[in-house]
Amino acid sequence: MVKFRKWREETFEAPFIEFDPYISFHVNPKAPVSYKLLLRHRYTGWQTTVAQVADVHKVELYAHWDELQRYMDVSQPLPDVPALEKYRHLDPTTAEYDAAGKRGRPSDYWATLDLTWWENDGYPAQLKAIREFPWSTLEDRMEKSVPNLAEAAMV
């Protein structure tokens, strides 16, 4: 489920599968341009921003979208990101994945990560991998949620 505040104290909630992602371009008068990854509810038009990046980092929104899809897919382990590390053992699919040794690193990897190494080597390498990843080759999981989406897609 996706839940977000839409007006004052009102909230909107709907199944993730009912949302369509899109990237919007924003021109800021006194700042560089930016891109936002938004989720728009297919049937009501309500939308929420998931992530925002500067112009030169637009491709990172594809990584955000991939991470969100993996997070919402209960048949897959949780994404291996710092914010979710302390919850991995609580998710049955992830716990089974980690117990089988498929994660390939210690359970406290993010908590014990050398920050100097991360800033100097790890993070730049991660950004390079994101920028060079062939995003167009990934299967669009959301396309399957809407019959005839490919035929009706706007270009």
Side-chain angles (χ1 to χ4, degrees), residues 1-6 9-26 31-42 44 46-146 149-150:
M1 295 297 284
V2 174
K3 184 177 183 177
F4 58 88
R5 184 175 295 184
K6 60 181 188 175
E9 296 302 318
E10 287 185 55
T11 58
F12 180 78
E13 185 174 358
F16 177 67
I17 204 76
E18 292 181 2
F19 285 86
D20 298 315
Y22 71 96
I23 293 175
S24 66
F25 176 79
H26 295 271
V33 297
S34 64
Y35 288 92
K36 289 182 181 181
L37 172 62
L38 296 105
L39 293 181
R40 182 179 179 94
H41 189 249
R42 188 174 303 127
T44 65
W46 285 106
Q47 63 187 25
T48 186
T49 300
V50 175
Q52 181 172 344
V53 296
D55 180 36
V56 295
H57 302 295
K58 178 184 174 186
V59 71
E60 291 177 36
L61 293 178
Y62 300 135
H64 281 289
W65 174 237
D66 186 59
E67 179 184 334
L68 184 58
Q69 288 183 94
R70 291 173 188 277
Y71 176 79
M72 295 301 239
D73 184 351
V74 296
S75 70
Q76 293 190 47
L78 289 172
D80 193 359
V81 295
L84 299 175
E85 184 171 76
K86 61 184 174 182
Y87 305 107
R88 292 181 68 83
H89 70 283
L90 300 174
D91 176 60
T93 305
T94 305
E96 182 180 321
Y97 180 86
D98 290 353
K102 294 179 182 176
R103 184 177 184 197
R105 49 190 184 196
S107 61
D108 63 350
Y109 174 79
W110 292 107
T112 60
L113 185 70
D114 178 354
L115 292 179
T116 302
W117 172 85
W118 178 250
E119 290 172 356
N120 295 331
D121 299 321
Y123 186 63
Q126 181 187 29
L127 290 180
K128 184 177 187 278
I130 288 171
R131 291 184 184 126
E132 294 175 357
F133 189 83
W135 294 105
S136 62
T137 65
L138 292 181
E139 175 187 20
D140 184 355
R141 296 180 189 101
M142 295 299 281
E143 184 177 7
K144 295 176 182 176
S145 72
V146 182
L149 179 65

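Scope of the values below: all heavy atoms of this structure, side chains included, with no hydrogens, waters or symmetry mates.
- In this structure, OG1 on Thr112 lies 10.5 Å from CZ on Arg105, to the nearest 0.5 angstrom.
- Here the closest heavy-atom approach between residue Leu38 and residue Ser24 is recorded as CD1-OG, 3.1 Å.
- Within the 4.5 Å cutoff, no side-chain heavy atoms of Val59 are placed close to those of Phe133.
- Glu85 places a side-chain N or O within donor-acceptor distance of the main-chain N or O of Tyr109, the cut-off being under 3.5 Å.
- Trp46 approaches Phe19 most closely through the heavy-atom pair O-CE2, 4.4 Å.
- We find the CD-CZ distance between Gln126 and Arg131 to be 10.5 Å, quoted to the nearest 0.5 Å.
- Across every non-hydrogen atom of Leu78 and Arg88, the tightest pair is O-NH1, 3.0 Å.
- Tyr35 and His26 have their aromatic ring centers separated by at least 6.0 angstrom.
- Checked by atom type and distance alone, the side chain of Thr11 never pairs as donor or acceptor with a backbone atom of Phe4 at under 3.5 Å.
- Counting non-hydrogen atoms of neighbouring residues, nucleotides and ligands closer than 6.0 angstrom, the OH atom of Tyr87 reaches no more than 12 such neighbours.
- For the atom pair CG of Asp73 and CG of Leu68, the computed distance is 11.0 Å after rounding to the nearest 0.5 Å.
- Of all heavy-atom pairs spanning Pro21 and Leu37, the tightest one is CB-CD1, 4.3 Å.
- When only modelled atom types and interatomic distance are considered, Glu67 and His64 share no side-chain donor-acceptor pair under 3.5 Å.
- Taken from OG1 in Thr48 to CZ in Phe12, the straight-line distance is 10.5 Å, to the nearest 0.5 Å.
- With hydrogens and angles disregarded, no donor-acceptor distance shorter than 3.5 Å links the side chain of His57 to the backbone of Glu60.
- At a threshold of 4.5 Å between non-hydrogen side-chain atoms, the residues Leu39 and Tyr22 do not count as touching.
- Using bins of under 30°, 30° to 60° and over 60° for the plane-to-plane angle, the ring pair Tyr123/Trp118 lands in the tilted bin.
- Of the charged side-chain nitrogens involved, none lies within less than 4.0 Å of a carboxylate oxygen, so that Glu18 and Arg40 do not count as a salt-bridged pair.
- With rounding to the nearest 0.5 angstrom, the OG atom of Ser107 is 10.0 Å from the NE2 atom of His89.
- The side-chain heavy atoms of Ile23 and Lys36, taken from C-beta on, include no pair separated by under 4.5 Å.
- A donor-acceptor pair under 3.5 Å links the side-chain atoms of Asp91 to the main chain of Thr94, judged by distance alone.
- Residue-environment remark: NZ (Lys6) exceeds the threshold of 12 foreign heavy atoms within 6.0 Å.
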Run the numbers on Asp80 and Arg103 for side chain to side chain contact (heavy atoms under 4.5 Å, CB included), then give the verdict.
CA-CA 8 Å; Asp80 193 359; Arg103 184 177 184 197; 2.7 Å; yes
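- Between the side chain of Trp110 and the backbone N or O of Leu84 there is no donor-acceptor pair closer than 3.5 Å.
- A salt bridge does not link Asp98 with Lys102: none of the charged nitrogens is closer than 4.0 Å to a carboxylate oxygen.
- Annotation for Tyr71: atom OH does not count as buried by contact number, only 12 or fewer foreign heavy atoms lying within 6.0 Å.
- Residue Glu96 qualifies as open at atom CD: its count of foreign heavy atoms under 6.0 Å is 12 or below.
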Step by step, would you call Gln69 with Asp66 a side chain to side chain donor-acceptor pair (under 3.5 Å)?
CA-CA 5 Å; Gln69 288 183 94; Asp66 186 59; 4.7 Å; no
Given side chain to side chain contact (heavy atoms under 4.5 Å, CB included), test Ile130 with Trp135 step by step and report yes or no.
CA-CA 9 Å; Ile130 288 171; Trp135 294 105; 4.1 Å; yes
